[in-house]
Amino acid sequence: MGEPVNVGVVGCGAISAQYFRTIERLPQVRLVAVADLDLDRAREAVRPYPGTDVLSVAELMADPRVDVVLNLTVPAAHAEVALQAIAAGKDVYCEKPLAANVADAARVLQAAGEAGVRVGCAPDTVLGTGTQTARKAIDDGLIGRPVAATATMMTPGHERWHPNPDFYYAPGGGPLLDMGPYYVTCLVTLLGPVATVVGAAGRTRAKRTIGSGPRQGEEIPVSVDTHVTGVLVHASGALSTLVMSFDGVATRSPNIEVHGEKGSLVVPDPNHFDGAVLASVLGEEGWRELPAAAGYVEAGRGVGLADLASTGLHAARGAEPRAGGSLAFHVLDVMESLLDAARSGTAVTIASTCERPPPVALRSLAGGLDGLP
């Protein structure tokens, strides 16, 4: 398999711990350095991982050991950090979304293409057994031709538990850009790219109150829509109805359902890697749980980063990581276009497209990553 790919991380917030745990158990990648605007936070984050250097962002970008930069900064900084990594000749893997807007994301992909480096982007949850088992069922024809899907995320808002929730309610935030990447990426993985969207959106109040931490009781402004709904018209003709909200209390709707001419599937939460896939097939009674039939078993955040590393030998022939930049760009384009459609009250044609990533065969991470064809 050769030497592991060396990873440098920029941004040591709450999500970084999940990535570090995954990197530690994947032989394809090795954590060598981290950087954060708060160096004390960076030191604390890597305390369980002795030998990891704590550097400034500039030092990390210049470090010749670093092969790929894992960008875990806030969404507003994604493009800036990615462009720095690309300018330094390094591959980059971003937390979702790829950038705060399509224009910045396009700059990232153009710069990467000109520099000959690769771009990957979360979410990589779609590489787990949940989404991949559902995809295999669809591809194997279990439910016949897919005709429709529903995707629902309903929560009263992250300010109830997050001590610094400001960015969720600032431009680049909101329920669609925060949680939508999981759902739209899953829908594209299952049903293919989106051609057209229509939508509507709104917000219930102008301020939110922080519910925990040292800022508890402080009010923060809301400058984005906090309830977004729309219909995604896939290029295949399938229609996906999407509801993303920070304004509801709870829902009993499945996270995702997919309906075909011969049956229906309940797909588990796309914010997780695993979960039960349920099928109801024409002529059968009730629902039955499908055994895990595809995807990485017991996967964690960072599997997409390792997948990017594993495509290195294929880079000369243009291999795209499964959690790749083109997919992330298309998902961001779909979400931004949905918000545009909500504001204009008209259908919006999606300018971009992408290929469905190659499926993942059922396998344990201990057995290594599933090689791309």
Side-chain angles (χ1 to χ4, degrees), residues 11 13-15 71-82 93-109 119 121-126 151-159 162 164-188 194 197-204 208 220-232 240-248 255-256 269-271 301 304 323 325-344 348 350-352 354:
I15 195 68
N71 182 2
L72 303 182
T73 57
V74 297
H78 282 183
E80 177 186 354
V81 172
Y93 184 91
C94 290
E95 241 304 318
K96 54 79 185 168
L98 182 58
N101 55 65
V102 167
D104 284 347
R107 291 170 54 217
V108 170
L109 293 189
V119 175
C121 187
D124 53 4
T125 47
V126 293
T152 304
M153 192 286 300
M154 188 77 64
T155 172
H158 295 342
E159 75 280 1
H162 198 294
N164 295 291
D166 309 66
F167 68 95
Y168 290 117
Y169 299 99
L176 182 62
L177 291 179
D178 173 46
M179 295 300 294
Y182 298 106
Y183 288 80
V184 178
T185 301
C186 183
L187 290 170
V188 172
V194 177
V197 294
V198 294
R203 67 192 74 171
T204 56
R208 297 273 176 149
I220 58 174
V222 175
S223 56
V224 295
D225 287 326
T226 49
H227 184 98
V228 182
T229 185
V231 176
L232 317 181
S240 291
T241 302
L242 185 72
V243 177
M244 299 281 111
S245 183
F246 285 165
D247 290 340
N255 296 101
I256 293 178
D269 188 345
N271 192 20
R301 296 181 196 274
S326 296
L327 172 60
F329 181 87
H330 180 64
V331 167
L332 180 59
D333 193 10
V334 169
M335 295 188 298
E336 191 170 288
S337 297
L338 179 54
L339 293 174
D340 289 342
R343 284 189 287 266
S344 67
V348 173
I350 308 301
S352 66
C354 68

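- Between Ala151 and Ile256, the closest heavy-atom pair is CB-CG1, 4.0 Å.
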request  = Evaluate side-chain contact (heavy atoms from CB on, under 4.5 Å) for His227 paired with Val243, printing each intermediate quantity in order.
outcome  = CA-CA 8 Å; His227 184 98; Val243 177; 3.9 Å; yes
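- In this structure, CG on Asn71 lies 11.5 Å from OH on Tyr93, to the nearest 0.5 angstrom.
- The closest donor-acceptor contact from the side chain of Thr229 to the backbone of Leu242 lies under 3.5 Å.
- Residues Val198 and Leu338 share a closest heavy-atom pair of O-CD1, 3.2 Å.
- Interatomic distance, OG of Ser337 versus NE2 of His330, reported as 9.0 Å (0.5 Å rounding).
- The nearest pair of heavy atoms linking Pro97 to Cys121 is C-SG, 4.1 Å.
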Worked verdict on Leu177 versus Leu332 for side-chain contact (heavy atoms from CB on, under 4.5 Å) = CA-CA 8 Å; Leu177 291 179; Leu332 180 59; 4.0 Å; yes
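- Listed by first then second residue, pairs satisfying salt bridge (charged side-chain N to carboxylate O under 4.0 Å, His left out) with a partner in residues 166-176 read Asp166-Arg215, not counting sequence neighbours.
- Counting only heavy atoms from C-beta outward, the side chains of Phe167 and Pro75 approach each other to under 4.5 Å.
- Of all non-hydrogen atoms in Val222 and Arg208, the two that sit nearest each other are CG2-CG, 3.3 Å.
- The heavy-atom pair separating Asp333 from Ser352 by the smallest distance is OD2-OG, 2.7 Å.
- Between atom CG of residue Leu176 and atom CE of residue Met244 there is a gap of 7.5 Å, rounded to the nearest 0.5 Å.
- Of all the heavy atoms in Gly11 and Leu72, the pair that sits closest is O-CB, 3.5 Å.
- Atom CD1 of residue Ile350 and atom CD of residue Glu336 lie 10.0 Å apart, to the nearest 0.5 angstrom.
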task = Could you walk me through whether Asn271 and Met179 pass side-chain contact (heavy atoms from CB on, under 4.5 Å), step by step?
result = CA-CA 8 Å; Asn271 192 20; Met179 295 300 294; 3.9 Å; yes
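- Note that CZ of Arg301 and CD1 of Ile15 are 4.5 Å apart. Values are rounded to the nearest 0.5 Å.
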task = For Phe246 and Glu159, run side-chain contact (heavy atoms from CB on, under 4.5 Å): C-alpha distance rounded to whole Å, both residues' side-chain angles, the deciding distance at 0.1 Å, then the answer.
result = CA-CA 10 Å; Phe246 285 165; Glu159 75 280 1; 6.0 Å; no
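- Remark: Asp104 engages Arg107 in a salt bridge (charged side-chain N to carboxylate O under 4.0 Å, His left out) (not counting sequence neighbours).
- Asp178 contributes atom CG, which lies 9.0 Å from atom OH of Tyr169 (distance to the nearest 0.5 angstrom).
- In this structure a side-chain-to-backbone donor-acceptor pair under 3.5 Å is present from Thr125 to Pro270.
- Aromatic ring pairs are classed by plane angle as parallel below 30°, tilted from 30° to 60° and perpendicular above 60°; the pair His162 and Tyr168 is perpendicular.
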